[in-house]
Amino acid sequence: MAPLRGAKRRKRHPEKALPAGVMAPLPPPDAADWWDSFSRRLAAGHYSKDCQNFESVFKMSRKTFDYICTLITGDFSRKTQGFRNFRFGDKTILALEDQVAVALLRLTTGESLLSIGNRFGMNHSAISNITWKFIESLEDHAISHLKWPDPEEMATIKAKFEKLQGLPNCCGAIDTTHILMCSSAQPNSNVWLDCENRNSMVLQAVVDPDMRFRDVVSGWPGSMDDSCILRTSGFYKLCEKGGRLDGQMELPGEPAGSVVREYIIGDTGYPLLPWLMTPYQERDLSPAKAAFNKQHAAARMVVQGAMARLKERWQVLKGELWRPDKHRLPRIIYACCLLTNIMIDLGDTHRERAPASHDHDDGYYQQFSNVADDGAVVQRDVLCQYVSRPGSKLP
């Protein structure tokens, strides 16, 4: 359609350059209209006041949602070209925001594909396709939000751990959690049975003091213990070869030669290694060792909290909705970790809502490893002496 005669042309202003790595937000003109329409569809047959509140539905701010749309817009459109006619029950074609919202709804609520499809008058296969293409786009374009810290970031992480819990040169905390799955009719399905006789897949994660995921690995069956999963991970191989956690620090105020290597902390289920400090396990601990264990446990709360929040926010990880699929489920877990980090990086206050409990693996017993490297034993004793010295910060 040609422009109306006599219409004034708006003067174009040159666009200001954005800082490197920062995506421009989507233009907002139709934003209000989009949410108004989507919320009415969402409330149909399931009315509640929460359906009218964007943050209550998606557990994130509108700013974060817009950023995610901007991040994947071009690639997501290409991935869904074969499904251009995704339509609601009233034949309205789903816009990009609608598709992202449907995928997020699947991840945040954990509702079945059939249930979500019924909400919008759509086939469950369409909900599945939309969700999967969204996850693929996140993998392609949000990977910068989940990476090992560079030297500058690592210095900040170390400073936070020492300030909060008095642990010098600490670079992170590691733990695992079980993602439950449905029973499988596949051959050799017993491999997925864990110690509690449940079908599960394990997620191993290293997090920083802000509960940001820094390294994740999933896909291993629940029958494997923490120590075994660690040793099969790429993270373990990198650390053993000196590709990670190879920096050293001389402890201030200690005798000359009191040097500790960079390390992460883990519970008693992990081996004691030069780059992985675990608590003392013997009985009748000395006051110094008891103090070390107390600070060690307090520092590990960041990874326990991160795992609990991950499952609380992304309800798809809490229900037994998946069959053992070593290809798809790990990518869904990874996408949830990416989304969590995006919220942290954008300062989304909705990420700060604490779960009722940090017990992210309810019903599972504490594992124990008796493996201890001789050099690691020495380093732990040096750390113990340092954190229990007079004037040190106690949690």
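Values reported hereafter were calculated over all heavy atoms of this structure, with side chains retained and with hydrogens, waters and symmetry mates removed.
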_Nearest 0.5 Å, please: how far is CG in Leu113 from CZ in Arg106?_
4.0 Å

*Answer yes or no: is there an ion pair linking Asp208 with Lys160, defined by an N-O contact shorter than 4.0 Å?*
no

*Could you walk me through whether Glu262 and Lys158 pass the salt bridge (Lys or Arg N to Asp or Glu O under 4.0 Å) check?*
CA-CA 9 Å; Glu262 290 180 334; Lys158 293 178 186 179; 2.5 Å; yes

*Check ion pair Arg62-Glu55 (N to O, under 4.0 angstrom)*: no

*State the CG-CG distance between Asn118 and Asn123, to the nearest 0.5 angstrom.*
9.5 Å

*asked:* Could you check, using the six-membered ring where one of them is a Trp, whether Phe120 and Phe38 have ring centers closer than 6.0 angstrom?
replied: yes

_Pair Glu312-Arg309, salt bridge (Lys or Arg N to Asp or Glu O under 4.0 Å): steps then yes or no_ = CA-CA 5 Å; Glu312 187 69 24; Arg309 291 185 182 193; over 6 Å; no

*asked:* Rounded to the nearest 0.5 Å, what separates atom OG1 in Thr73 from atom NE2 in His141?
replied: 10.0 Å

*When the ring centroid of Trp35 is compared with that of Phe65, is the distance short of 6.0 Å?*
no

*Does the cation-pi check pass for Arg244 over Phe235, that is, NZ or CZ under 6.0 Å from the six-membered ring centre and within 45° of its axis?*
no

_Has Glu97 got a side-chain atom pairing as donor or acceptor with Trp34's backbone, closer than 3.5 angstrom?_
no

*Please round to the nearest 0.5 Å and tell me the distance separating atom CG of Leu329 and atom CD1 of Ile179.*
7.0 Å

*asked:* More than 12 heavy atoms of other residues, nucleotides or ligands under 6.0 Å from CG of Asp150: yes or no?
replied: yes

*Salt-bridged, Lys237 to Glu240, with N to O below 4.0 Å?*
no

_With a sphere of 6.0 Å drawn around NZ of Lys147, does it hold more than 12 non-hydrogen atoms of other residues, nucleotides or ligands?_
yes

*asked:* Which residue is it: Leu167, Asp381, Leu251? I am looking for the one with a side chain to side chain contact (heavy atoms under 4.5 Å, CB included) to Tyr386.
replied: Leu251

*Would you mind checking if Glu153 and Arg212 are paired as a salt bridge, meaning a charged N to carboxylate O distance below 4.0 Å?*
no

*asked:* If you compare all heavy atoms of Pro209 against all heavy atoms of Ile157, which two are closest, and at what distance to 0.1 Å?
replied: CD-CG2, 3.6 Å

*Give a yes or no on whether the backbone of His124 and the side-chain of Ser128 come within a donor-acceptor separation of less than 3.5 Å.*
no

*Would Met122 end up clustered with Val316 when hydrophobic side chains under 4.5 Å apart are linked, directly or stepwise?*
yes

*Would Tyr270 and Ile229 show up in the same hydrophobic cluster when neighbours are defined by side-chain heavy atoms closer than 4.5 Å?*
no

_If hydrophobic clusters are built by linking Ile, Leu, Val, Met, Phe, Trp and Tyr wherever their side-chain heavy atoms come under 4.5 Å apart, do Phe213 and Leu238 end up in the same one?_
no

*Salt-bridge present (Arg198, Asp194; N to O < 4.0 Å)*: no

*asked:* Under 3.5 Å, is there a donor on one side chain and an acceptor on the other for Ser233 and Trp220?
replied: no

_Verdict with supporting geometry, Asp225 and Ser227, side chain to side chain donor-acceptor pair (under 3.5 Å)_ = CA-CA 6 Å; Asp225 61 30; Ser227 181; 4.9 Å; no

*May I ask you to check whether Thr92 and Asp90 show a side-chain donor-acceptor distance below 3.5 Å?*
yes

*Per the side chain to side chain contact (heavy atoms under 4.5 Å, CB included) rule, which among Leu346, Thr340, Asp345, Ile344 passes with Ile342?*
Leu346

*For Glu152, does the CD atom have more than 12 heavy-atom neighbours from other residues, nucleotides or ligands under 6.0 Å away?*
no

_I need the Ile332 CD1 to Ile135 CD1 distance, nearest 0.5 Å._
4.5 Å

*Hey, what do you get for SG (Cys336) to CG (Leu107), rounding to the nearest 0.5 Å?*
5.0 Å

*Give a yes-or-no answer on whether the side chains of Ser115 and Ser112 include a donor-acceptor pair shorter than 3.5 Å.*
no

*Main-chain N/O of Tyr280 paired with His296 side-chain donor or acceptor, under 3.5 Å*: no

*Give a yes or no on whether a salt bridge exists between Asp98 and Arg41, defined as a side-chain N under 4.0 angstrom from a carboxylate O.*
no

